Amino acid sequence: MIKIILLSVLGVFFISYGNAQLNVEDIIKSRQALFSKNYSTAKRVQAISAKGDFEKAKKLMKEMSENYVILLDLFPENTQEGFNTEALPIIWEEKDAFNALMNKASDDMIKLTALIEETDDTRSAIKQLMWSNCKACHTKYRMPH
């Protein structure tokens with residue numbers, strides 16, 4: 001009877017450990033996918049805006065904004081290493097500053113939707129409100145390439 005209980009407890013432990021590892025992998029891959037998606041969307045926003053299709057660009061900007069909010073939950077403590085993460089430890093050391101940057105990036109995308117049609121310099125507005133946040137994050141929170 002003791003052997004059965006011990007084997008059951010060990011089985012639960014190993015199954016839970018396996019699921020925890022899978023969960024960490026899923027979280028890391030999810031955040032990588034969202035950052036990658038935001039990058040490709042940002043390139044589309046720039047190209048579409050240059051052509052003057054502001055309605056389509058605004059829709060993409062709102063999508064990017066929502067992605068930054070989702071990213072806030074994709075950096076739990078147990079996801080600092082593994083699965084080819086390029087996130088630097090400073091994210092967790094300065095979690096409030098990192099979260100503030102994600103919120104700023106989200107807010108700036110909404111600001112950009114409000115002024116994209118009214119500005120005389122679309123390229124400058126995109127650089128200031130979109131690309132500057134990407135650069136700030138890559139410079140401080142991502143491994144250099």
Side-chain angles (χ1 to χ4, degrees), residues 5 7-145:
I5 294 172
L7 286 174
S8 296
V9 169
L10 287 174
V12 168
F13 171 76
F14 286 115
I15 290 169
S16 296
Y17 179 77
N19 287 340
Q21 287 297 335
L22 180 62
N23 191 29
V24 168
E25 181 178 13
D26 288 343
I27 292 169
I28 291 172
K29 288 183 177 183
S30 292
R31 72 183 182 220
Q32 289 170 333
L34 269 181
F35 278 124
S36 180
K37 183 173 189 210
N38 267 9
Y39 176 68
S40 61
T41 303
K43 291 190 327 188
R44 287 177 53 210
V45 163
Q46 186 163 349
I48 292 167
S49 296
K51 293 177 183 176
D53 190 351
F54 298 119
E55 290 309 310
K56 189 172 184 181
K58 287 179 185 181
K59 183 177 177 185
L60 294 172
M61 292 172 202
K62 289 176 185 174
E63 181 181 310
M64 288 178 66
S65 175
E66 292 168 7
N67 288 343
Y68 285 119
V69 173
I70 293 168
L71 282 161
L72 291 169
D73 293 327
L74 294 178
F75 287 88
E77 285 291 327
N78 65 337
T79 64
Q80 294 184 37
E81 296 178 339
F83 307 103
N84 299 316
T85 185
E86 296 178 349
L88 294 174
I90 195 166
I91 289 173
W92 292 272
E93 294 164 9
E94 298 180 3
K95 189 70 165 141
D96 290 342
F98 175 77
N99 287 349
L101 180 57
M102 293 297 102
N103 282 318
K104 179 183 179 306
S106 177
D107 293 345
D108 282 354
M109 293 311 298
I110 298 303
K111 287 178 190 173
L112 189 57
T113 65
L115 69 84
I116 194 73
E117 290 181 80
E118 298 171 14
T119 184
D120 293 331
D121 190 356
T122 302
R123 187 175 178 163
S124 179
I126 288 172
K127 182 179 178 182
Q128 178 185 4
L129 293 171
M130 185 174 69
W131 292 117
S132 66
N133 289 316
C134 296
K135 183 177 180 179
C137 185
H138 284 211
T139 301
K140 187 168 185 175
Y141 298 112
R142 185 178 181 196
M143 284 184 203
H145 285 107

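Note that the coordinates shown come from a computational prediction; the quantities given were computed from them, not determined experimentally.
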#### Entry: Within 6.0 angstrom of Glu77 CD, more than 12 heavy atoms from elsewhere
yes

### Task
Taking all heavy atoms of Thr119 and all of Ala125, pick out the closest pair and write down the distance.
CG2-CB, 4.2 Å

### Heavy-atom side-chain proximity of Thr85 to Thr79 below 4.5 angstrom
no

### Message
Set out, in order, the CA-CA distance, both residues' side-chain angles and the distance that settles side chain to side chain contact (heavy atoms under 4.5 Å, CB included) for Trp131 and Gln46, then state yes or no.
### Response
CA-CA 10 Å; Trp131 292 117; Gln46 186 163 349; 2.6 Å; yes

### Query
Parallel, tilted or perpendicular: which describes the rings of Trp92 and Phe75, with under 30° parallel and over 60° perpendicular?
tilted

### Task
Quick one: pull up CD1 in Ile91 and CG in Asn99 and give me the separation to the nearest 0.5 Å.
9.5 Å

### Message
Does any part of the side chain of Asn67, heavy atoms only, come nearer than 4.5 Å to the side chain of Thr41, both counted from C-beta?
### Response
no

### Message
Rounded to the nearest 0.5 Å, what separates atom CD in Glu55 from atom CG in Leu60?
### Response
11.5 Å

### Task
Look at Asp107 together with Lys104 and state whether they make a salt bridge at an N to O cut-off of under 4.0 Å.
no

### Task
Determine the minimum heavy-atom distance between Phe54 and Ile116, stating which atoms define it.
CD2-CG1, 3.6 Å

### Message
To the closest 0.5 Å, what do you measure between CD (Gln128) and CG (Asn133)?
### Response
9.5 Å

### Side-chain touch Ile48/Lys51, heavy atoms, less than 4.5 angstrom
no

### Task
Find out whether Met109 and Leu129 are in side-chain contact, i.e. whether some heavy atom of one side chain is under 4.5 Å from a heavy atom of the other.
no

### Query
Heavy-atom distance under 4.5 Å between the side chains of Ser49 and Met61, does that happen here?
yes

### Task
Would you check if Cys137 and Met102 make a side-chain contact, meaning some heavy-atom pair closer than 4.5 Å?
yes

### Message
How about CG on Asn84, more than 12 heavy atoms from neighbouring residues, nucleotides or ligands closer than 6.0 Å, or not?
### Response
no

### Message
Could you walk me through whether Ile90 and Tyr141 satisfy the side chain to side chain contact (heavy atoms under 4.5 Å, CB included) test, starting with their C-alpha distance in whole Å, then the side-chain angles of each, then the deciding distance to 0.1 Å, before giving a yes or no?
### Response
CA-CA 6 Å; Ile90 195 166; Tyr141 298 112; 3.5 Å; yes

### Query
Should the heavy atoms of other residues, nucleotides or ligands under 6.0 Å from NZ of Lys59 be counted, would the total exceed 12?
no

### Task
Taking all heavy atoms of Glu63 and all of Lys37, pick out the closest pair and write down the distance.
OE2-NZ, 2.7 Å

### Message
Rounded to the nearest 0.5 Å, what separates atom NZ in Lys56 from atom CZ in Arg44?
### Response
6.0 Å

### Query
CG/Asp108 to CD1/Ile126 distance, rounded to the nearest 0.5 angstrom?
13.0 Å

### Task
Could you grab the distance from atom CE of Met130 to atom OG of Ser65, nearest 0.5 Å is fine?
13.0 Å

